[in-house]
Amino acid sequence: MSGVQLYRPQPVDVSGLRLSLTQEQFAARFGFSVATLRHWERGDRSPSGASLVLLNVIDRNPSAVLQALQ
């Protein structure tokens with residue numbers, strides 16, 4: 001792939017990303033299931049693909065994500 005830069009999302013501390021929101025609130029606000037969120041926070045699973053990209057954007061600019069979801 002000439003001229004295309006590959007984006008590699010960084011790992012995210014999901015529980016730290018929630019700030020003061022409950023798991024239920026964070027999941028509802030950003031479209032994740034609560035069960036998936038719990039697995040990520042316990043370390044049973046790691047976010048990947050589009051979920052990891054979305055978590056990176058939420059980490060850097062949560063208001064942009066909220067605005068896009070309105």
Side-chain angles (χ1 to χ4, degrees):
M1 288 193 283
S2 178
V4 175
Q5 186 171 358
L6 183 61
Y7 173 70
R8 296 182 197 265
Q10 298 298 308
V12 174
D13 173 16
V14 179
S15 59
L17 191 61
R18 284 196 295 116
L19 302 171
S20 61
L21 297 175
T22 66
Q23 289 177 332
E24 292 78 10
Q25 290 169 329
F26 186 87
R29 182 169 290 176
F30 295 110
F32 301 111
S33 76
V34 174
T36 296
L37 189 60
R38 287 184 181 139
H39 284 293
W40 289 341
E41 290 188 2
R42 283 194 310 245
D44 300 337
R45 298 186 192 143
S46 297
S48 62
S51 295
L52 184 55
V53 171
L54 178 56
L55 289 168
N56 270 268
V57 176
I58 293 168
D59 187 34
R60 289 177 177 86
N61 195 346
S63 60
V65 178
L66 291 172
Q67 183 179 8
L69 295 174
Q70 288 182 0

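The basis for the numbers below is simple: all heavy atoms, side chains too, and nothing from hydrogens, waters or symmetry mates. Numbering starts at 1 and runs along the sequence shown.
Nearest heavy-atom pair across Leu54 and Phe30 is CD2-O, 3.9 Å. Of all heavy-atom pairs between Pro47 and Val14, the closest is CG-CG2, 4.3 Å. Across every non-hydrogen atom of Ser33 and Ala27, the tightest pair is C-CB, 4.1 Å.
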Name each donor-acceptor pair under 3.5 Å that joins a side chain in residues 61-70 to protein atoms two or more places apart or in another chain, with its distance.
residue	atom	partner	partner atom	Å
Asn61	OD1	Ser63	OG	3.0
Asn61	OD1	Ala64	N	3.3

Side-chain donor-acceptor pairs of residues 3-13 under 3.5 Å, sequence neighbours excluded:
residue	atom	partner	partner atom	Å
Asp13	OD1	Ser15	OG	3.1
Asp13	OD1	Gly16	N	3.3

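Between the CG atom of Leu37 and the CZ atom of Arg45 there is a distance of 12.0 Å, given to the nearest 0.5 Å. Separation of atoms CD (Glu41) and OG1 (Thr36) is listed at 11.5 Å; rounding is to 0.5 Å.
Between Glu24 and Arg38 a salt bridge is recorded (basic side-chain N to carboxylate O distance below 4.0 Å).
Linking Ile, Leu, Val, Met, Phe, Trp and Tyr whenever their side-chain heavy atoms come within less than 4.5 Å puts Ile58 and Leu21 in one cluster.
Classified by interplanar angle (parallel below 30°, tilted 30° to 60°, perpendicular above 60°), the ring pair Trp40/Phe32 is perpendicular.
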